[in-house]
Protein chains: 2
Amino acid sequence: MVVEGIHALLQNEDSIAWMGHASDANSCLAYLQQQLPDVILMDISMPGISGIELCREVKEKYPGVFVIGLSTFNQQSFIQKMMENGASGYVLKNAGREELIEAIHTVVKGKQFLSFDAATALRKPDTQNDIPVITRREKEVLELIADGMTNNEIAQKLFISSTTVDTHRKNLLAKFEAKNTASLIRMAAHAKII
Amino acid sequence: MVVEGIHALLQNEDSIAWMGHASDANSCLAYLQQQLPDVILMDISMPGISGIELCREVKEKYPGVFVIGLSTFNQQSFIQKMMENGASGYVLKNAGREELIEAIHTVVKGKQFLSFDAATALRKPDTQNDIPVITRREKEVLELIADGMTNNEIAQKLFISSTTVDTHRKNLLAKFEAKNTASLIRMAAHAKII
DNA sequence: TAATGTATCCCGTAAAAACAGGATATTCCC
DNA sequence: GGGAATATCCTGTTTTTACGGGATACATTA
């Protein structure tokens, strides 16, 4: 429906020819073996491999194809990763027909196009969205905490003292600036760490 | 873009008149005070109030308006909740133009319409997908727990006793079969409840 | 009307986590 | 070699949760 909708939006635009569409990463890659478009509009939320991964793969194999990320979310992390993986643009789905066409025309010239809100999100030095760097051991402990294990249980599992587990826990709380375990776990879950 | 796309899809359909669109729950409710459509196509993932909540509210105030849920996900829990809250149909966004039009024609007669995959998902007795049913109050408490608040803080915020908060907490742990807060929060986060 | 679900409240004990404030050994990098 | 980061361990106290028991009030609904 969305695909058909976008197709309908672009139908009357003579400067743009619709070549086809793929509904998942594999069929997209299979399609590209047959013929190469100038531009791919890529939904970043897809079944299986994410649009971010697919973007990287497409740009590796076909550097000449320009990719525009499409998403409902203007989350800094998504946009950044998409651009880092070689996308030429990022357009929010609430954008209008005009904007989409402008985006396509812009990226095909080798330039970058970002929706206004996306550009804004990217510019601001990630306020709420700073995922702290945690060590391997801390991540390990974090996962076990999320599994519902207590300090003692974690200690036994990792063959360390429970006071050590407690220290890791303190460090996790400090790094995430979390008030307690509950907010820590939510932050970690939202950051896709667990 | 999605809205414009759907609009474009329905433009050539004489039996369907496009009345307008709203981009969030509040403007939708405001719109309905002015004029009532026969059918609302409602995205279930919206900023602010979820489509599920909005559906309930719309059906309470305007029982004559038929609601069709639109979503990318054919998750049993979403579909079920949407239908429980009074929706007349559920169409996946990967559905085609034909299907959407059929859905509109069907629900306007007072009948139910479900996309094939949605109907399938609804029939199967949820395999891995057992997200417990929680009450509105429990959800409220759950969110505040995830915000890092203690029982006392939650009690003050909601103007209830901290023992009541504790009871809600007990019920949440029991419903999710969670061992402690940490695992509860992770489950809730993964189930997209928080 | 009786049953059910929801929301509210209480007491008590035991376990767990939060927090303060240390220490030591190792590894990795400049 | 010296410093930083990491991982380990310790002793406390206070706060918060977990969990066992209850109870009452209200609305919905079968």
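Remember, predicted model here, so these are calculated numbers, not experimental data. Chain letters run A, B, ... following the sequence lines, proteins first and then strands; every chain starts at 1.
By the side chain to side chain contact (heavy atoms under 4.5 Å, CB included) test, B:T167 is found to be paired with B:N171, residues two or more places apart in sequence or in another chain being considered. Judged as a side chain to side chain donor-acceptor pair (under 3.5 Å), and not counting sequence neighbours, the contacts of B:K175 are B:E138. Here B:T150 pairs with nothing under the side chain to side chain donor-acceptor pair (under 3.5 Å) rule; sequence neighbours left out. In terms of the side chain to side chain contact (heavy atoms under 4.5 Å, CB included) criterion, residue partners of A:T163 (sequence neighbours excluded) are, by chain and number, A:S161. With sequence neighbours left out, the side chain to side chain donor-acceptor pair (under 3.5 Å) criterion links A:H105 to A:S15. By the side chain to side chain contact (heavy atoms under 4.5 Å, CB included) test, A:Q33 pairs with A:Y62, sequence neighbours left out.
A salt bridge links B:E57 to B:K61: one of the charged nitrogens lies within less than 4.0 Å of a carboxylate oxygen.
Note on residues 86-103 of chain A: pairs passing salt bridge (Lys or Arg N to Asp or Glu O under 4.0 Å), not counting sequence neighbours, are A:E13-A:R97, A:D43-A:K93. A salt bridge (Lys or Arg N to Asp or Glu O under 4.0 Å) check over residues 152-167 of chain B, counting only residues at least two apart or in different chains, returns the pairs A:K179-B:E153. For residues 153-185 of chain B, the set of pairs meeting the ring-ring contact (aromatic ring centres under 6.0 Å, His included) definition, not counting sequence neighbours, is empty.
Computed from coordinates, the B:I134 CD1 to C:dT6 C1' distance equals 13 Å when rounded to whole Å. In this structure, the CG atom of B:N171 is 16 Å from the P atom of D:dT17, given to the nearest Å. The CD1-P distance, from B:I154 to C:dC9, rounds to 14 Å in whole Å. Atom pair A:F159:CZ and D:dC9:C1' shows a separation of 18 Å (rounding to whole Å applied). Taking atom CD1 on B:I160 and atom P on D:dA25, their separation rounds to 18 Å, with Å as the unit. Rounded to a whole Å, the CZ atom of A:R136 is 8 Å from the P atom of D:dA7. Counting to the nearest Å, the P atom of D:dA5 and the NE2 atom of A:H168 are 17 Å from each other. If you take CG of B:L184 and P of D:dC19, they are 12 Å apart, rounded to a whole angstrom.
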Take B:R56 and B:E60 through the test salt bridge (charged side-chain N to carboxylate O under 4.0 Å, His left out) and record every step on the way to the result.
-> CA-CA 6 Å; B:R56 193 176 47 71; B:E60 257 173 32; 3.2 Å; yes
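Within the nucleic acid shown, B:T163 comes within 4.0 Å of at least one base atom, counting heavy atoms only. Base contact: B:T164 has a heavy atom under 4.0 Å from a base atom. Among the heavy atoms of the strands lying under 4.0 Å from A:T135 are primed sugar atoms or P, OP1, OP2 only; no base atom is included.
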For nucleotides 16-21 of chain C, just jot down a letter per nucleotide in 5' to 3' order: B, S or -, based on protein non-hydrogen atoms under 4.0 Å.
-> SSSBBB
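Note that the two end axes of the helix from C:dT1-D:dA30 to C:dC30-D:dG1 enclose an angle of 60°, each drawn from 5 base pairs, rounded to 10 degrees.
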Considering only nitrogen or oxygen atoms on both sides, find all protein atoms under 3.5 Å from nucleotides 26-30 of chain D and state each distance.
none

